[in-house]
Each structure stands twice: as structure tokens, then as C-alpha cells.
Asks: 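My questions will all concern the structure given below.
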Amino acid sequence: MGLEAPRSDPMPPHDESMSRRPHESAPIISIERAAEHLGQVVTIRGWLYNMRESGKLLFPIFRDGTGVMQGVVSLKEQPEAFGALKGLPQESSVVVTGKVTVEDRAPGGSEIHISGIEVIQRVADTDPYPIQLKEHGIDFLLDQRHLWIRTPRQASILRIRAEVVHAARNYMDDLGYTLTDAPIFTPAACEGTSTLFEVNYIDDQKAYLTQSGQLYVEATAAALGRYIRSGLRSAQRNRRRVAI
């Protein structure tokens with residue numbers, strides 16, 4: 001779903017060695033490792049992705065870049081945590097502590113029974129996160145591409161791409177090929193074409209996305225023999241944007 005918006009400050013990286021916050025005894029874990037801690041009290045750090053209410057119960061869903069996890073908190077049992085979560089805007093940054101239990105209906109098959117929560121940064125109610133959990137047009141989502149990739153589907157696509165590239169690299173490495181990186185900018189047209197993608201460069205100098213990767217390929221072939229090239233070859237298309 002889907003450059004200006006209330007942005008949550010980046011959370012500190014997860015420490016898979018189960019580092020601890022100075023004032024808490026619960027180990028800090030990533031959501032993808034939650035199933036390894038069933039029955040334990042843990043701390044997760046991330047963002048509020050979604051929330052639903054059922055009477056005096058809240059069911060927030062958190063994400064941390066490794067996955068999503070459902071939480072549950074009761075007004076009767078944990079009034080302070082309930083109050084901190086009640087009305088909290090989407091994509092607010094949080095640190096959540098609670099006991100991990102089995103819940104087959106929850107994403108990942110487990111949920112966290114919240115006993116404490118620290119709101120690191122609350123998204124302003126007057127400037128809400130732009131990509132709400134509803135259908136958005138593709139033009140809007142591409143304008144918000146840097147936020148769109150936070151959604152589970154888009155994040156999964158990026159992970160799949162990474163796996164494909166990793167597998168291709170391993171295959172070519174096993175065959176004895178060397179990866180080389182070619183420049184993606186050029187100061188002038190190399191093929192006499194007029195359909196260049198112009199960009200502003202250092203000190204307002206003009207540069208263009210290259211269209212002649214083969215020039216670098218020829219030089220690399222003579223130097224390395226077996227090689228593969230990483231780079232970009234631009235071509236004019238009826239496109240208004242290039243998505244990452």
C-alpha cells in the first residue's frame with residue numbers, strides 16, 4: 001500500500017544475540033524468531049501496523065521488518081498498556097514486552113500478551129501516515145514508494161528479488177565468473193541518441209543514465225574473460241516513474 005509524511009524514526013537494529021534493554025529483563029527478539037520463545041516474556045521493537053478493538057480488548061499488529069505479529073491487551077489486566085495503545089496512530093514506533101503464546105488464528109501462529117509498552121514516537125494525528133489499510137491507486141502508491149515497501153506484499157517481493165539475485169550470483173560464482181559493476185551515469189550520449197534520461201549532478205552539471213553498457217562489457221571481457229556485469233541500461237519508454 002503506500003515524500004512528505006509523518007515518518008517513524010528508524011528503530012535500532014535487532015540484536016539476534018538477545019541483547020537486553022538496560023531497564024528490562026526480557027530479551028529483545030525479532031518477530032521472525034517469536035515462535036522460538038513460546039511461553040517466554042520477550043521484548044519486540046517495531047511499528048504499529050494495524051489495530052482492531054473488541055470491547056475491552058485491543059488486538060494490535062506490529063511489524064519490525066522481519067515479519068508481523070499480533071498482540072493482545074486487556075483493559076482490566078493491563079490498564080496502562082491498554083491506555084498507551086488506545087488510539088495510537090498507524091506506524092507509530094513502539095517497544096512492546098509480553099509473553100509469547102500459541103494462537104493459530106494469528107499471523108505466524110503466535111501472539112504476544114502485552115504487559116508493557118513504550119511509545120518511542122507517536123505519529124501526529126494532524127499529519128497521519130498516508131498509506132491507510134485500504135485500496136489506493138497505483139499513481140498514489142508510486143508517489144509514496146518509499147513507504148509502500150513497508151507493506152507485507154511489497155516487502156515480500158523485495159525479499160524474493162534478493163533470493164533470485166543471490167541464487168544467480170552463487171550459480172555464476174560456481175562457474176568461475178567475476179561480477180563487475182559498470183557506471184550508470186555518463187556525461188554525454190554514447191550512441192547518438194536523443195532520448196536520454198537527464199539528471200542534475202554535482203554543482204548543477206548535467207549527467208545522463210547510460211545507454212551503452214556494452215562499452216564497459218568489451219573492456220571487461222579483455223581483462224577478465226569470464227565475467228558478469230551489474231549495471232543499468234536505460235531506454236526511453238512511456239513511463240512517468242521508475243519504481244525501485
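No experiment lies behind these values; they were computed from the predicted model shown. Throughout, residue positions are numbered sequentially from 1 according to the sequence presented.
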Asks: Indicate yes or no: does Lys86 engage Glu53 in a salt bridge with an N to O separation below 4.0 Å.
Replies: yes
Asks: I want to check a possible cation-pi pair here: Arg52 against Phe59, using under 6.0 Å from ring centre and within 45° of the ring axis as the test.
Replies: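 Yes - Arg52 lies over the ring of Phe59, closer than 6.0 Å to its centre and within 45° of its axis.
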Asks: Could you verify whether a donor N or O on one side chain and an acceptor N or O on the other, from Arg145 and Gln154, lie under 3.5 Å apart?
Replies: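 Short answer, yes.
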Asks: Verify, without hydrogens or angle tests, whether Gln132 (side chain) and Lys134 (backbone) share a donor-acceptor contact under 3.5 angstrom.
Replies: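 No.
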Asks: Any side-chain to backbone donor/acceptor pair from Gln78 onto Leu75? Under 3.5 Å, distance only.
Replies: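 Checking the backbone N and O of Leu75 against the side chain of Gln78, no donor-acceptor pair under 3.5 Å is found.
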Asks: CZ of Arg161 to OG of Ser156: how many Å apart, nearest 0.5 Å?
Replies: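 Those atoms lie 13.5 Å apart.
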Asks: Checking Lys99 against Ile112 for the side-chain contact (heavy atoms from CB on, under 4.5 Å) test, could you report, in this order, the C-alpha distance in whole Å, the side-chain angles of both residues, the deciding distance, and whether it holds?
Replies: CA-CA 5 Å; Lys99 185 176 183 179; Ile112 183 168; over 6 Å; no
Asks: Give, for atom CG of Leu141 and atom OG1 of Thr151, the distance between the pair rounded to the nearest 0.5 Å.
Replies: 8.0 Å
Asks: Any chance you could lay out the side-chain contact (heavy atoms from CB on, under 4.5 Å) test for Ile29 and Ile44, step after step, and finish with the verdict?
Replies: CA-CA 6 Å; Ile29 68 167; Ile44 60 174; 3.9 Å; yes
Asks: For the atom pair CD (Gln144) and CD1 (Ile149), what is the distance rounded to the nearest 0.5 Å?
Replies: 12.0 Å
Asks: Working to the nearest 0.5 angstrom, can you tell me the gap between Lys76 NZ and Ser74 OG?
Replies: 7.5 Å
Asks: How far apart are the C-alpha atoms of Val95 and Ile117, what are their side-chain angles, what is the distance that settles it, and do they pass the side-chain contact (heavy atoms from CB on, under 4.5 Å) test?
Replies: CA-CA 6 Å; Val95 177; Ile117 181 168; over 6 Å; no
Asks: Please say whether more than 12 non-hydrogen atoms of neighbouring residues, nucleotides or ligands are located less than 6.0 Å from NZ in Lys206.
Replies: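 More than 12 heavy atoms, drawn from other residues, nucleotides or ligands, come within 6.0 Å of this atom.
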Asks: For Thr97 and Thr43, does a side-chain donor sit closer than 3.5 Å to a side-chain acceptor?
Replies: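 Yes, because at least one side-chain N or O of Thr97 sits under 3.5 Å from a partner of the opposite role on Thr43.
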Asks: Under the side chain to side chain contact (heavy atoms under 4.5 Å, CB included) test against Phe62, which residue among Val94, Asn50, Val68 passes?
Replies: Val94
Asks: With no hydrogens and no angle check, is any side-chain donor or acceptor of Ser92 less than 3.5 Å from a backbone partner on Leu88?
Replies: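 Checking the backbone N and O of Leu88 against the side chain of Ser92, no donor-acceptor pair under 3.5 Å is found.
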Asks: Given side-chain contact (heavy atoms from CB on, under 4.5 Å), test Ile228 with Arg169 step by step and report yes or no.
Replies: CA-CA 9 Å; Ile228 53 176; Arg169 280 291 312 276; 4.3 Å; yes
Asks: Does Ile114 reach the side chain of Pro60, with side-chain heavy atoms less than 4.5 Å apart?
Replies: yes
Asks: Quick one, Ile28 and Val42 - any side-chain contact, counting heavy atoms below 4.5 Å?
Replies: no
Asks: Between Ser110 (side chain only) and Thr101 (backbone N and O only), is there a donor and an acceptor less than 3.5 Å apart?
Replies: no
Asks: I need the Leu85 CG to Leu48 CG distance, nearest 0.5 Å.
Replies: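 One gets 7.0 Å once the value is rounded to the nearest 0.5 Å.
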Asks: For the backbone of Ile31 and the side chain of Asp64, can you confirm whether one donor and one acceptor N or O come within less than 3.5 Å of each other?
Replies: yes
Asks: Heavy atoms, side chains only, cut-off 4.5 Å: are Arg122 and Pro89 in contact?
Replies: yes
Asks: Would you compute the distance between atom CD of Glu111 and atom CD of Glu103 and round it to the nearest 0.5 angstrom?
Replies: 5.0 Å
Asks: Looking only at heavy atoms, what is the nearest atom pair of Phe82 and Lys56, with distance?
Replies: CE1-O, 3.3 Å
Asks: Would you check if the side chain of Tyr227 reaches a backbone N or O of Val217 as a donor-acceptor pair within less than 3.5 Å?
Replies: yes
Asks: For atom CD of Glu77, is the number of surrounding heavy atoms from other residues, nucleotides or ligands below 6.0 Å larger than 12?
Replies: no
